[in-house]
K.L.:
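Sharing a structure with you now.
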Amino acid sequence: MDWSKAKNIIIAVLLAANVLIGGNLLAQHSREQAQARQATENAYAFLEQAGMQVDAQLPDQEKKLPVLFLRLHKAGEELTEVRYKDYPIVVQGSGIGYEIAGTGQQAAPTIPAAEALLKLYAQLSAEGSVKGKRVESVELVYLLSPDEASYAAQDTASPAWQIRVDGRTYYVDAYGE
Amino acid sequence: MNERARKVEKLKNAVIVVLFLTTVLLLNLTWRSEGAAPFRLSSVLDFISPDVWVPDASEFIAADYTVCGFGDATFSRDADRAAADLDDLLQEFRAESANASFLINEVTEQQYREMLTGYRCLKVVLSCPVPFGEFCDRNQINRSSVFDQVGTVSALLVSEAAPESIFVEGGGQCWRFISDSEQDLASPLLVSLVRKDPIYFTAGSMLGNSNMAILPLTSSATLASSTWESEAAADVERAGRTMAESIFGENFDFVRRITDSFGNVTYMYGYGEKTLTCLTEGSFEYRTGTVEGQDPGFYNSLQNAIAFVATRGGWGSDRHALGYRLCGARTEGSGRNRLYTFEFAQMLDGMPLLSEDGPAIVVKVCGGEVNYYRRAVVSAAAQQAEEQQTADAANVLAGNCHLIHSVLGGNVLAASSDEEFAFVANRFRDASAGYIVTEDSLTPAWVITMEGGTKFFFGLYDAVPLGFTRD
């Protein structure tokens, strides 16, 4: 058998496969980015039409994040504000200190900021008119809402979109549930 | 081949390896971008590994014991022959139902007392009540519309008082199934009646009322106390994690995990739609929100419960000797909200292990879906002692009337000792030996079951009160 010729064929086939798969991946990635940009623009347009002003810049890149395990401290002990990578950690409730004890083993994709904004819009419009409301900021954070009556020593913070509207802060689950 | 050609071939080999690796890498990236999560066996919720043992529901609905009546108001009770007696009884019933039709009458208390105490009889008691219609279907007993009068079956019996009949007990009633063939159904079964120590009498004859539950006159046992530990004792945290992975599947890495200051861990999915609590003592409790759906029936619901447990803790590794017994089954609600509660007692050398918190495994099923699962399974080895006399069951009852009355009575006003005695004597339903799981040991105990299902535990040899179940 002419191994040299066979190797040439194998190289050609593998090259072609790499080009095909790589090209497909690139095309898919471009398509997804374009879709995300379009979705953000659509959200802007929809909210404007509904009378809601969006002053914040909506990030359009998808993120994959794990949950965070936080070790909690009682009120009275030194409070620390910690971030996980670039994301602030928000612990609702007064006088609760915390430190990061670990992360979940897997990361899951978060919903886009535009989708979170639309979910909030649905909630606010159910409560009353949204005309004239101003979206001041949209940011991805880690949120923990501990049960104040419990004696949790450790709890779990999940990614959430923090959206400020007319000075009030709202949170939308970033895993989309 | 010259040197240059050799170098070219080596370069080609390297290029092939690199291209192969990049192909694999790109395929992996493509696969990930399509959103496929890493494969997890536990995430394939309906798949049961061939290595996982799922017992059949019929293995749990078994005969508990046989009561032999000798026609002179004495009885004996035997667990060893119960399975064979049930098979024989069902065989008679099945054969007769295929060839003849039945007329059904409700038996009065007086008639019941007479046929059990005044005539030879054989009664097979099931481990828990079962819907009679499904019981018949499952055991290939032809049934007609008259069978619908009977709700549940907890025992089957035959008596010389009416040899052409089979009697079905359930829900506090007794029904006589009279075959129109007038064939003697009782005699072939009564031939095998054998006296076995200890002798039993009815509670009525020992306590002075009409209660037909039976009590031993005297008894002996070889049970001894032994130590125990939780099945998860080797690594409670890992056991909890394994249980959580099996319940939450691919969502496990995203559930909320709360650890309290005692080390108990609660896993919570969504806003409490599903929670799993893992206690440091090695027990687990799983709950979901309200579930409703089409009622698949008792047996199918039981099978769903069994399959659920099989992949979440399991039924033990010995496929030939089921280490659990279905000791209770209740139905609440109706239609799409019908809720089945199944209670499984762990068995040790043929004896049930019970505790004040109830049996080892409790599963609730609605619409074919499990919405509650509690597991507190222990590891222990049975210890045997020299045979010794136990405390008399009748004296245990009589000597603890005040305790039992104060727990069950609910009356604010104090009752006289006679009232307490009458209260207890009328509500007594069963006395059997078992083990109670206390904080530091498995203690041999009398398990006294009262009307309504509450169980009281007393030391088997010293009659010391050891606790009672709280519903």
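Numbered from 1 within each chain, the chains take letters A, B, ... in sequence-line order.
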K.L.:
When A/Gln162 is tested against each of A/Leu140, A/Val141, A/Val138 for side chain to side chain contact (heavy atoms under 4.5 Å, CB included), which residue passes?
P.N.:
A/Val141
K.L.:
Name the region of A/Ile11, side chain, backbone, both or neither, that has any atom closer than 4.5 Å to a heavy atom of chain B.
P.N.:
both
K.L.:
For the CG atom of A/Leu68 and the CG atom of A/Leu143, what is their distance to the nearest 0.5 Å?
P.N.:
11.5 Å
K.L.:
Who wins among B/Leu25, B/Thr23, B/Val265, B/Val15 for the most heavy-atom pairs under 4.5 Å with chain A?
P.N.:
B/Thr23
K.L.:
With a 4.5 angstrom heavy-atom cut-off, which part of A/Leu144 approaches chain B: side chain, backbone, both or neither?
P.N.:
side chain
K.L.:
Between B/Arg257, B/Lys12, B/Met268, who has the most heavy-atom pairs with chain A when the cutoff is under 4.5 Å?
P.N.:
B/Arg257
K.L.:
Where does A/Ala157 contact chain B at under 4.5 Å (heavy atoms): side chain, backbone, both or neither?
P.N.:
neither
K.L.:
I'd like to know whether A/Val90 forms a side-chain contact (heavy atoms from CB on, under 4.5 Å) with A/Tyr142, so could you lay out the CA-CA distance, the side-chain angles of the two residues, the decisive distance to 0.1 Å, and finally the verdict.
P.N.:
CA-CA 6 Å; A/Val90 176; A/Tyr142 272 92; over 6 Å; no
K.L.:
Give the member of A/Pro109, A/Gly104, A/Ala108, A/Ser158 that has the highest number of heavy-atom pairs under 4.5 Å with chain B.
P.N.:
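Looking at each option in turn, the highest pair count goes to A/Ala108.
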K.L.:
Taking the basic N atoms (NZ, or NE/NH1/NH2) and the acidic carboxylate oxygens, is any pair closer than 4.0 Å for B/Glu343 and B/Arg330?
P.N.:
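The answer is yes: the pair qualifies as a salt bridge.
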K.L.:
I'd like to know if the side chain of B/Tyr373 pairs up with that of B/Arg375 as donor and acceptor (distance under 3.5 Å, no hydrogens or angles considered).
P.N.:
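Looking only at side-chain atoms, B/Arg375 and B/Tyr373 do form a donor-acceptor pair, the distance falling under 3.5 Å.
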K.L.:
Chain A heavy atoms under 4.5 Å from B/Val8: which part of the residue, side chain, backbone, both or neither?
P.N.:
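Neither part; nothing is under 4.5 Å.
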K.L.:
For A/Tyr87, is the NZ or CZ atom of A/Arg83 found under 6.0 angstrom from the centre of its six-membered ring and inside 45 degrees of the ring axis?
P.N.:
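No, a cation-pi geometry is absent between A/Arg83 and A/Tyr87.
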